[in-house]
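Worth knowing before you read on, the calculation uses all heavy atoms, side chains too, and leaves out hydrogens, waters and symmetry mates. Naming convention: chains lettered A, B, ... in sequence-line order (proteins, then strands); numbering from 1 in each chain.
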Amino acid sequence: MFALIDCDNFFVSCERVFRPELENKPIIVLSSNDGCAISRSDEAKLLGIPMGAPLFEIRHLVKAYNVEVLSCNFELYGDMSRRIMNILQQECEKVEVYSVDEAFLEYDDTINWIAEGERLKKYLMKCVGIVTSIGFGTTKTLAKLASVQAKSSGSCCYLDGSSKYFDVLKAMPVGKIWGIGAKINKNMRQQGNYTAYDLLTADPKSIRKQYSIIVERIVYELNGRSCLPLTLIQDLKKSIQITRSFSSPVSDKDILKQAIARYGFRLAYKLRENLQKTKTLWVYGCNTKFDVADTVLHQRTIVLDEPTNNTATIIKYAQNAVEEFFDPKLNYSKIGIMALDLRDATIPQAQLMFEQKTSLKKDIDKVMDSLNKRFGLSTVRPLACGESVDWMNKRGNKTPEYTTNWHNLVHVKAK
DNA sequence: TCTGGGGTCCTAGGACCC
DNA sequence: TCTGGGGTCCTAGGACCC
């Protein structure tokens with residue numbers, strides 16, 4: 001038996017925990033650079049604000065209905081997520097953290113599912129203050145679908161592939177199924193498969209021929225035949241990237257080089273956190289993708305002599321790449337760096353052709369990491385990252401880091 | 001004027017091997 | 001003029017997820 005725990009309107013809900021006066025009001029949380037709405041309260045959804053709507057397109061609604069607009073505060077959401085996952089891990093032996101606001105649980109023994117779900121829901125609300133939707137199912141796909149049903153009904157829901165639940169599946173649009181995105185949804189509807197029930201009764205082999213093995217698996221999963229096991233141990237990452245849009249387009253090479261140094265610095269830190277090294281870097285810069293015809297992408301791929309997670313090395317290659325592809329005529333709207341071909345840093349690689357470097361660089365990284373972990377990210381950083389932050393992206397309405405910064409602790413007065 | 005960031009998996013086709 | 005059969009590995013692109 002699988003369960004899916006999904007936090008309702010997660011980012012908005014995190015904000016409300018510390019701003020209870022925002023309860024029952026329309027709120028949206030924006031993406032980085034204050035660009036799009038990426039989390040909406042139920043009240044905001046009712047106003048017709050779609051997921052991912054650019055702020056400039058919904059200004060009239062924001063104004064007319066006095067919508068509270070918040071910048072994203074990922075420090076807060078990340079910490080709230082950790083709290084929730086820790087609780088789930090205490091409550092159940094088998095937990096797969098699927099995303100920042102979702103987790104799959106697996107149970108072996110027979111218990112009263114709905115009662116267990118309601119208990120968990122209440123407990124999470126009491127401990128963290130976040131409303132969750134919980135679905136149970138005999139496969140992960142069914143548990144996911146049950147959580148969708150739970151969201152609309154307000155209480156926990158159970159699904160298996162038996163005819164007992166066909167009514168629910170007949171009312172469930174095919175596009176709501178985990179793994180059916182916009183493209184496949186469109187094709188399915190053209191073929192006359194409108195609901196989860198239609199897909200459940202489809203022929204798996206012909207579905208595979210027409211779509212892919214992924215959609216074939218979904219058919220089996222809807223029938224109650226489990227194809228997707230719980231992944232308890234997270235595989236090592238295969239790629240890591242850091243990319244940001246500028247608050248306004250940049251055509252100054254020095255600023256681009258500062259920005260890429262910052263992202264390289266973050267990237268190297270993440271690699272070290274994951275105990276990984278990279279053998280291949282991909283550095284790119286582009287103008288806005290909304291200028292239809294003339295989208296330009298400048299890029300360099302760098303294959304390193306030996307795998308590294310050293311900040312100075314990564315920044316050096318990243319800045320070289322920018323130096324090479326830079327074109328003063330282009331307005332860069334964002335640049336980014338990606339580490340590919342990642343290796344396990346705990347397995348030492350013997351070097352045949354290259355002399356062993358001294359450990360000085362390693363020591364510098366170690367000191368930087370420990371200071372930054374203790375006093376906050378980028379307390380110390382390489383000079384290459386620069387000081388000026390004018391070009392950095394906007395987060396105009398960011399709320400305090402209530403749970404991760406001593407200076408932002410909530411003050412409570414007792415009367 | 002203004003439009004996020006970070007991932008995964010699968011497939012087809014090309015290059016190469018014997 | 002005619003030109004086999006069976007593999008592997010890598011990459012780019014597409015689709016999906018949150």
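Atoms CZ (A:Arg59) and P (B:dT3) sit 11 Å apart, rounded to a whole Å. Regarding A:Lys176, its NZ atom lies at a distance of 16 Å from the P atom of C:dC16, rounded to whole Å. The interatomic distance linking A:Phe290 (CZ) with B:dC2 (P) rounds to 10 Å, in whole Å. For A:Phe246 and B:dT3, the CZ to P distance is 13 Å, given to the nearest whole Å. Taking atom CG of A:Asn187 as the reference point, atom P of C:dC16 lies 9 Å away to the nearest angstrom. Protein atom CD1 of A:Ile218 is 11 Å distant from nucleotide atom C1' of C:dC17, rounded to whole Å. Atom P of nucleotide B:dG6 and atom CG of A:Leu267 are separated by 10 Å, given to the nearest angstrom. For the pair A:Lys186 NZ and C:dC16 P, the interatomic distance rounds to 12 Å; values are reported in whole Å.
Enclosure of atom CD in A:Glu93 is not indicated, since only 12 or fewer non-hydrogen atoms of other residues, nucleotides or ligands lie within 6.0 angstrom. Surrounding NZ of A:Lys176 are at most 12 heavy atoms belonging to other residues, nucleotides or ligands under 6.0 Å away.
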Can you tabulate the close N/O pairs, meaning under 3.5 Å, that link protein atoms to atoms of nucleotides 9-15 of chain C?
residue : atom : partner  : partner atom : Å
C:dA15  : OP1  : A:Lys183 : NZ           : 2.3

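Proximity of a side-chain donor or acceptor of A:Asp101 to a complementary backbone N or O of A:Asp6 within less than 3.5 Å is not detected. A:Lys121 places no side-chain N or O within 3.5 Å of a backbone atom of A:Val131 that could act as its donor or acceptor partner.
Backbone-only contact: A:Ile180 has heavy atoms under 4.0 Å from sugar-phosphate atoms and none from a base. Nucleic acid contact class of A:Lys144 (heavy atoms, under 4.0 Å, all strands): sugar-phosphate only. Using a 4.0 Å heavy-atom criterion, one finds that A:Arg395 contacts no nucleic acid atom at all. Across all strands shown, A:Glu57 has no heavy atoms under 4.0 Å from either base or sugar-phosphate atoms. The residue A:Asp34 sits apart from the nucleic acid: no heavy atom pair falls under 4.0 Å.
Looking at residues 234-245 of chain A, you'll see A:Lys237, A:Lys238, A:Ser239, A:Ile240, A:Gln241, A:Ile242, A:Thr243, A:Arg244, A:Ser245 sit with a heavy atom under 4.0 Å from some atom of DNA chain B.
Side chain to side chain, A:Asn33 and A:Ser245 fail the donor-acceptor criterion of an N or O pair below 3.5 Å. When only modelled atom types and interatomic distance are considered, A:Tyr220 and A:Thr139 share no side-chain donor-acceptor pair under 3.5 Å. A:Thr399 and A:Glu15 form a side-chain donor-acceptor contact under 3.5 Å, judged by distance and modelled atom types alone. A donor atom on one side chain and an acceptor atom on the other are found under 3.5 Å apart for A:Thr311 and A:Arg272.
The salt bridge (charged side-chain N to carboxylate O under 4.0 Å, His left out) test applied to A:Asp341 returns A:Arg343, not counting sequence neighbours. By the side-chain contact (heavy atoms from CB on, under 4.5 Å) test, A:Ser155 is found to be paired with A:Glu118, A:Ser153, residues two or more places apart in sequence or in another chain being considered. Judged as a salt bridge (charged side-chain N to carboxylate O under 4.0 Å, His left out), and not counting sequence neighbours, A:Asp34 has no contacts.
Across B:dT3, C:dC17, B:dG5, the shortest atom-to-atom separation from the side chain of A:Ser32 is found for B:dG5.
The residue among A:Tyr211 and A:Phe11 whose nearest nucleotide of DNA chain B is located toward the 5' end is A:Phe11. Toward the 5′ end of DNA chain B lies the nearest nucleotide of A:Lys394, the other residue of the pair A:Lys270 and A:Lys394 mapping further downstream.
Remark: ring of A:Phe56 does not overlap the six-membered base ring of B:dT1 in a stacked fashion, as centroids less than 5.5 Å apart with planes less than 30° apart are not both met.
Base pairing in DNA chain C gives the following stems of 3 or more Watson-Crick or G-U pairs, range against range and under 3.5 Å: B:5-18 with C:5-18.
For A:Phe2 and A:Phe104, the distance between ring centers is not under 6.0 angstrom.
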